[in-house]
S.K.: 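I am attaching a structure below and will ask some questions about it afterwards.
These values consider heavy atoms only, across backbone and side chains, with no hydrogens, waters or symmetry-generated copies.
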Amino acid sequence: MSMEMQPQGPPMQEPVHLVSIGNVHVTDQAVVTPAGTWPLAQVNVTTTDQTSTTTHTPAWAIVMVVLFIWFFLLSLLFLFAKETRVSGFVAVHIQCGGYSYTEQVPVHSAAERAEILRRALYVQGLIGRARSMG
């Protein structure tokens, strides 16, 4: 006796991630975190920028001053060269009812920091749209 399996309709499709921030993924209906999956309209997202920006004289500028100081006093102008470094992380806090999850995303440049904050702002826009749709 052979049993044939009949298709039960179209296969379930995996939801498309609209945006990801670290381990947090957002679809058009839900926010998926390691702590759980929550409906998009019921979630609150906040960010905390915990980065620091420092300015240093780069090593190459100091080497150039040492090498050329005896030839040109103008080599001291190399000391005006500055390098900006960004370090730390941006904390993205997701809260739904009594549950919450915080994703701390490491940041190594101003561009990375801006990108994470831009993604969080996009998620907040999706939440607003989901709430307005009912």
S.K.: Can you name the residues that form a side-chain hydrogen bond (donor to acceptor under 3.5 Å, both in side chains) with Thr57, not counting sequence neighbours?
M.R.: Lys82

S.K.: Using residues 28-36 as the side-chain source, report each donor-acceptor pair under 3.5 Å to any protein atom, sequence neighbours left out, with the distance given to one decimal.
M.R.:
{"from": "Thr33", "atom 1": "OG1", "to": "Ala35", "atom 2": "N", "distance (Å)": "3.1"}
{"from": "Thr33", "atom 1": "OG1", "to": "Gly36", "atom 2": "N", "distance (Å)": "3.2"}
{"from": "Thr33", "atom 1": "OG1", "to": "Gly36", "atom 2": "O", "distance (Å)": "2.9"}

S.K.: Which side-chain N or O atoms in residues 40-51 pair as donor and acceptor under 3.5 Å with protein atoms at least two apart or in another chain?
M.R.:
{"from": "Asn44", "atom 1": "OD1", "to": "Arg131", "atom 2": "NH2", "distance (Å)": "2.8"}
{"from": "Asp49", "atom 1": "OD1", "to": "Thr51", "atom 2": "N", "distance (Å)": "3.1"}
{"from": "Asp49", "atom 1": "OD1", "to": "Thr51", "atom 2": "OG1", "distance (Å)": "2.6"}
{"from": "Thr51", "atom 1": "OG1", "to": "Arg113", "atom 2": "NH1", "distance (Å)": "2.9"}

S.K.: Flag yes if Ile127 and Leu18 sit in one hydrophobic cluster, no otherwise; membership is Ile, Leu, Val, Met, Phe, Trp, Tyr, and two members link when side-chain heavy atoms are under 4.5 Å apart.
M.R.: yes

S.K.: I'd like a table of donor-acceptor pairs (distance under 3.5 Å, sequence neighbours excluded) in which one partner is a side-chain atom from residues 87-99, with atom names and distances.
M.R.:
{"from": "His93", "atom 1": "ND1", "to": "Thr102", "atom 2": "OG1", "distance (Å)": "2.7"}
{"from": "Gln95", "atom 1": "NE2", "to": "Gly97", "atom 2": "O", "distance (Å)": "2.7"}

S.K.: Between atom CD1 of Ile62 and atom CG of Leu67, what is the distance when rounded to the nearest 0.5 Å?
M.R.: 12.0 Å

S.K.: Of the options Val123, Val24, Thr27, which is the one that meets Val19 in a side-chain contact (heavy atoms from CB on, under 4.5 Å)?
M.R.: Val123

S.K.: Considering residues at least two apart in sequence or located in another chain, which fulfil the side-chain hydrogen bond (donor to acceptor under 3.5 Å, both in side chains) criterion with Glu115?
M.R.: Arg118, Arg119

S.K.: Indicate yes or no: at least one non-hydrogen side-chain atom of Val26 is less than 4.5 angstrom from one of Tyr122.
M.R.: no

S.K.: Can you list everything that forms a side-chain hydrogen bond (donor to acceptor under 3.5 Å, both in side chains) with Thr54? Sequence neighbours excluded, please.
M.R.: His56

S.K.: Could you pull out all residues at least two apart from Pro58 that satisfy side chain to side chain contact (heavy atoms under 4.5 Å, CB included)?
M.R.: Trp60, Ala61, Ala81, Glu83

S.K.: Going by the rule salt bridge (charged side-chain N to carboxylate O under 4.0 Å, His left out), which residues pair with Glu112 if we only count those two or more places apart in sequence or in a different chain?
M.R.: none

S.K.: I'd like to check the side-chain hydrogen bond (donor to acceptor under 3.5 Å, both in side chains) partners of Ser20; sequence neighbours left out, ordered by chain and number.
M.R.: His25

